[in-house]
Amino acid sequence: MSNNYFNSLSLREQLEQLGKCRFMHLEEFSDGVDALKGKKMVVIGCGAQGLNQGLNLRDSGLDVSYTLREAAITEKRQSWKNATENGFTVGTYEDLIPTADVVLNLTPDKQHTPVVNAVMPLMKKGACLSYSHGFNIVEEGMKIREDITVIMVAPKCPGSEVRAEYVRGFGVPTLIAVHEDNDPQGEGLALAKAYAVGTGGHKAGVLMSSFVAEVKSDLMGEQTILCGMLQTGSLLCFDKMIEEGIDPGYASKLIQYGWETVTEALKYGGVTNMMDRLSNPAKIKAFDLAEEMKTIMRPLYNKHQDDIMTGHFSQTMMADWANDDKQLLGWRADTAETAYEKTPAGDVEISEQEYFDNGILMVAMVKAGVELAFETMTAAGIIADSAYYESLHETPLIANTIARKKLYEMNSTISDTAEYGCYLYNHACVPLLGDFMKNIKTDVIGAGLQLNHTGVDNARLIEVNEAIRSHPVEAIGAELRGYMSDMKKIV
Amino acid sequence: MPLPYSISLKNATVNFDGGYAFKNINWSIHPEHHWLICGSNGSGKSALAAILSGTGDIENGIIKNLPPRTGVVSFEAQAELIEAERRKDDADIMDVIAIGTPVSEIIADVCKDQPLADSLCEKFGLTPLLDRAFRKLSTGESRKVMLIRALTCDPQLLILDEPFEGLDVNSLRALQQHLQTISATTTIVMVLNRLDQCPEFITHVAYVDNGELTQQVSRTDTEAWQQLNDLLHLQTADLEVPPTDIDTSLPALDPAAPLVKITDGAIKYDDTIIFDQLNWTINPGRHWQLTGPNGSGKTALLSLITGDHPQCYVNNIHVFGFKRGSGESIWQIKQFIGYVSTALQWEYTVGTSLRNVIISGFYDSIGLYSKYTDNQRNIADLWLEVLGMQSRADETFTSQSYGDQRLLLIARAMVKHPPLLILDEPCLGLDDMNRQRVLALIEIICTRSGSTVLYVNHHAEDKIAGIEHHLALDDFSRQ
């Protein structure tokens with residue numbers, strides 16, 4: 001049904017596209033939104049990304065309106081309400097697309113093919129089509145009319161945060177790209193930069209990448225460490241605690257808020273800082289557990305990356321799309337039935353430090369997942385900057401969604417693509433860690449190390465610290481966080 | 001000899017000449033306590049002190065156990081004595097040049113302890129002036145005479161109204177030492193403008209506001225003591241609004257054009273109308289108060305002006321020369337506005353320093369994301385001085401008290417001298433003391449800066465001097 005664009009490239013081109021990634025400096029955005037000034041921007045779709053990006057662009061002085069399918073307008077669906085209550089002009093494709101200089105496709109991946117097929121004939125000659133995710137181009141091989149410029153502007157945060165940070169006078173890290181096959185007037189980069197300024201992204205850091213690198217790294221990150229590892233970790237840790245007699249309310253709370261708490265430390269100071277929040281004996285314990293899990297899980301991470309690169313993953317998922325999402329909906333229902341999901345968080349006080357002390361295994365899982373995803377991506381030709389954003393950087397964002405309403409909230413916030421991939425990961429990873437989990441006791445999950453003395457061997461501690469600090473994700477992380485804090489004082 | 005009983009005032013209202021009244025005093029002065037009376041200028045501090053020396057007519061209530069021997073030092077008492085001397089001079093019917101009463105006699109008049117008087121004269125450097133006529137003395141010198149009279153009359157109660165004012169360093173130190181010594185046996189009530197001059201022996205503070213004794217704070221209540229200190233800093237220090245940063249000065253506005261003009265304004269959701277047909281023009285220099293019940297859309301109306309309400313794009317709004325929705329960015333609007341509200345305080349959950357919070361006002365951002373200049377930093381430090389928080393510049397904003405946060409956000413809003421300052425219920429959620437601090441700061445701003453103030457509040461008592469226009473939103477709501 002589709003021609004995978006990536007697979008149509010030569011190995012040389014594939015490597016070139018995958019390796020495309022550069023952190024842009026603030027000075028490169030000195031033209032502001034000029035390239036879009038006076039142009040008519042029409043957004044397709046008014047969900048969280050669509051609405052919030054549109055609000056930012058309009059507040060930056062740009063001309064924004066929304067186009068929805070006719071049914072959404074006549075039935076006054078939520079997307080119609082979102083747009084009209086915020087004072088935007090709303091019209092059908094036929095009304096608005098022919099007037100648009102830039103069409104912003106902010107619909108879910110699954111709808112891209114029908115949407116693009118519907119709007120492309122209506123677009124005026126030489127207009128620009130913008131994506132927030134390159135799946136349609138790269139995995140489905142969508143061919144866009146030759147006169148049309150195709151760009152991508154992808155804020156690396158949920159839509160609500162895209163808006164909240166803009167209102168504060170800041171922005172969220174953003175990835176931009178120009179589809180080289182569709183840049184007839186050579187204006188793609190200027191448009192993408194102006195768009196990033198319009199959403200405030202330039203203040204928080206912009207990564208100039210390619211459609212290919214974005215898709216292949218984004219899919220990998222979301223399936224493995226971001227959603228997959230956190231889901232698998234939640235289920236395994238909860239079941240273990242129940243098995244060991246920990247109070248279910250406590251266990252549920254430790255997990256629900258634990259991911260958010262430990263990854264907050266990750267956000268500020270990388271894996272090093274997260275590990276430093278543990279006592280010395282606990283740190284060594286977490287390190288050993290993470291090493292063990294990395295050995296067990298490495299083949300799984302490799303398989304995910306391989307399936308993404310070959311297109312096997314997208315093919316499987318698109319088959320499910322064609323089958324009315326049967327698998328996806330079934331897996332979603334199964335998750336809702338898990339013991340963890342059904343046990344509400346207890347009314348117990350857990351201090352910030354206690355989440356670390358009693359959640360050593362969770363810290364180890366985050367460390368193992370972040371490092372493995374990063375290692376696997378960079379081994380596949382993805383540049384470290386990209387790999388950092390798609391692994392470590394986004395982990396706290398996903399952890400926040402679990403804190404709000406457990407896995408249900410995570411799965412309803414992330415894209416269907418991420419959700420589908422995350423179930424694949426979970427189904428493979430739970431049995432994979434089966435033997436490992438047999439040896440796990442409450443000292444590393446639920447109750448903390450019960451030690452009479454907290455002494456450690458100096459040589460061993462030095463060795464462990466050195467290993468944590470010298471991981472390549474720490475070097476690039478320190479650099480990128482440094483750029484960010486140059487511009488922002490603190491999150 | 002110390003006071004035998006506590007002085008007690010119950011529901012006392014005292015009238016003074018000229019119609020001034022100090023109302024409803026409930027106060028008890030224990031013989032072993034020493035009180036400091038403080039409050040802003042004109043609040044009635046001196047009147048309260050004077051009541052203890054028997055001045056004024058008691059209209060209501062009871063005042064008991066005022067001691068027979070009281071030593072008083074005040075500008076009024078000083079002026080009275082000088083006036084009496086002058087009258088003596090005028091009354092002289094003999095055709096000789098009057099030399100006036102010598103200082104030594106003025107002192108001896110009331111003195112019960114000549115050795116003490118001699119020693120104090122020595123310490124105050126008055127000895128060479130003892131033979132000089134009292135009315136020939138300078139203000140500072142005659143003040144010292146007043147002090148010696150009060151201290152040597154064997155008082156049971158000493159009432160000292162600004163006793164340190166105008167004293168040279170040596171005399172000041174001598175006086176402080178002497179007061180410290182006699183505080184063991186003599187009850188002292190002192191009026192001072194500032195708590196930071198407060199001597200160690202003072203045990204309690206009486207805070208006077210607008211002719212009423214509103215707060216009584218014991219020194220042992222350290223939190224209340226600190227709050228009082230902060231309030232007095234704003235009310236009594238001679239504060240100036242710091243300058244703005246010349247390098248980031250705002251684009252010039254047409255002085256004849258309105259700052260804001262809303263024509264047929266409306267906010268509507270689905271089928272709910274928050275308000276409609278609202279017409280409002282805010283001209284420069286005209287301060288406005290906006291009132292209305294909860295839900296009448298006060299904050300929504302303000303956010304049409306600030307650009308925070310998305311429906312500003314479907315309204316006919318002119319702000320600072322821009323017609324909204326004509327290609328201007330929200331930052332071009334916000335640069336002209338200083339904004340403070342409870343909601344802003346809730347949103348300002350950024351772990352940054354007090355100094356950075358104030359600097360962020362130059363960038364209209366919540367948190368600081370730009371490299372600031374040295375000049376901006378200096379201005380922020382001047383504002384911290386105004387607030388009395390200079391020593392806390394590097395502490396984190398979120399660890400400050402609720403009231404201090406509010407004051408910091410007002411300074412943040414003012415730092416760029418915005419043409420329009422919007423204060424959306426700036427006193428909401430504040431206790432009495434902090435409310436007074438906020439109002440004191442706003443008053444400084446209203447009277448000493450060029451900003452047009454738009455003030456939203458439904459507490460009638462929180463009036464601010466200089467606001468004469470009023471928009472009541474309930475007239476417009478169409479629920």
Side-chain angles (χ1 to χ4, degrees), chain A residues 26-27 32-34 36-41 46 51-52 54-66 76 78 80-90 163-172 194 197-200 202-205 264 268 483-491, chain B residues 266-272 274 300 303-304 306-317 322-335 339 343-344 347-357 359-372 394 396-398 412:
Chain A
L26 196 55
E27 303 82 65
V33 295
D34 287 356
L36 287 168
K37 203 89 207 189
K39 296 205 165 160
K40 201 163 175 48
M41 304 179 81
C46 198
L51 174 63
N52 289 303
L55 286 168
N56 290 1
L57 292 166
R58 180 174 65 176
D59 277 346
S60 295
L62 300 173
D63 177 357
V64 180
S65 48
Y66 284 80
K76 301 194 171 182
Q78 191 57 45
W80 178 84
K81 277 189 196 159
N82 287 349
T84 48
E85 283 189 353
N86 282 292
F88 288 107
T89 304
V90 183
R163 179 61 181 162
E165 287 296 330
Y166 180 88
V167 171
R168 291 180 150 207
F170 197 50
V172 304
V197 172
T199 57
H202 65 305
K203 293 184 179 168
E264 179 80 1
Y268 281 89
Y483 286 139
M484 297 260 303
S485 58
D486 260 3
M487 291 177 268
K488 71 188 302 191
K489 259 314 170 217
I490 203 71
V491 192
Chain B
I267 291 183
K268 302 173 186 179
Y269 297 103
D270 230 348
D271 30 57
T272 315
I274 306 296
S303 58
L304 281 185
T306 60
D308 290 322
H309 200 293
Q311 291 186 20
C312 65
Y313 292 98
V314 290
N315 271 285
N316 183 357
I317 300 173
F322 294 101
K323 165 138 178 44
R324 286 315 316 270
S326 63
E328 76 294 345
S329 90
I330 198 172
W331 309 110
Q332 285 175 295
I333 305 297
K334 285 183 186 283
Q335 63 179 341
Y339 180 74
L344 174 68
E347 281 158 30
Y348 216 112
T349 52
V350 180
T352 192
S353 70
L354 305 197
R355 182 187 290 115
N356 285 353
V357 167
I359 296 174
S360 73
F362 284 113
Y363 300 95
D364 306 307
S365 59
I366 295 178
L368 185 57
Y369 313 108
S370 306
K371 280 183 188 141
Y372 51 82
D394 296 312
T396 54
F397 179 71
T398 42
R412 168 186 175 272

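Remember, it's a predicted structure, so these values are computed and weren't measured experimentally. So that the names make sense, note that chain A is the first sequence line, chain B the second, and so on, each numbered from 1. FYI, side chains are in, hydrogens and waters are out, and symmetry mates aren't considered; it's all heavy atoms of this structure.
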**Study point:** Engaged part of A:D63 at the chain B interface, taking heavy atoms whose separation is under 4.5 Å
**Key:** neither
Review point. Do you know the tightest heavy-atom contact between A:R168 and B:Y369?
Key: O-CE1, 3.6 Å
Practice item. Return yes when atom NZ of B:K268 has more than 12 non-hydrogen atoms of other residues, nucleotides or ligands closer than 6.0 Å, and no otherwise. Key: no
Review point. Under the salt bridge (Lys or Arg N to Asp or Glu O under 4.0 Å) test, which residues partner A:R163, sequence neighbours left out?
Key: A:D59
Review point. What heavy-atom pair brings A:Y166 and B:I330 nearest, and what distance separates the two atoms?
Key: OH-CG2, 3.9 Å
Practice item. Quick one: pull up CD1 in B:I267 and CD in A:E85 and give me the separation to the nearest 0.5 Å. Key: 12.0 Å
**Study point:** With B:F362 via ring-ring contact (aromatic ring centres under 6.0 Å, His included) - residues at least two apart
**Key:** none
**Study point:** Portion of A:L62 that has a non-hydrogen atom of chain B nearer than 4.5 angstrom
**Key:** neither
Check your understanding: Which bit of B:Y363 comes within less than 4.5 Å of chain A, counting heavy atoms only: side chain, backbone, both or neither?
Key -> neither
**Study point:** Under 4.5 Å from any heavy atom of chain B - which part of A:K76
**Key:** neither
Exercise for review: Under 4.5 Å, counting heavy-atom pairs only, tell me which of B:C312, B:G327, B:S326 racks up the most with chain A.
Suggested key: B:G327
Revision key, fill the gap. Taking every heavy atom of A:N86 against every heavy atom of B:P310, the minimum-distance pair comes out as OD1-CG, 2.9 Å
Review point. Which atoms of B:E347 come close to chain A, meaning under 4.5 Å heavy atom to heavy atom: side chain ones, backbone ones, both, or neither?
Key: backbone
Study note, to complete from the structure: Closest non-hydrogen atoms of A:G169 and B:S365, given as atom of the first, atom of the second and distance, are CA-CB, 4.1 Å
Check your understanding: Heavy-atom count around A:K81 NZ within 6.0 Å, excluding the residue itself: above 12?
Key -> no
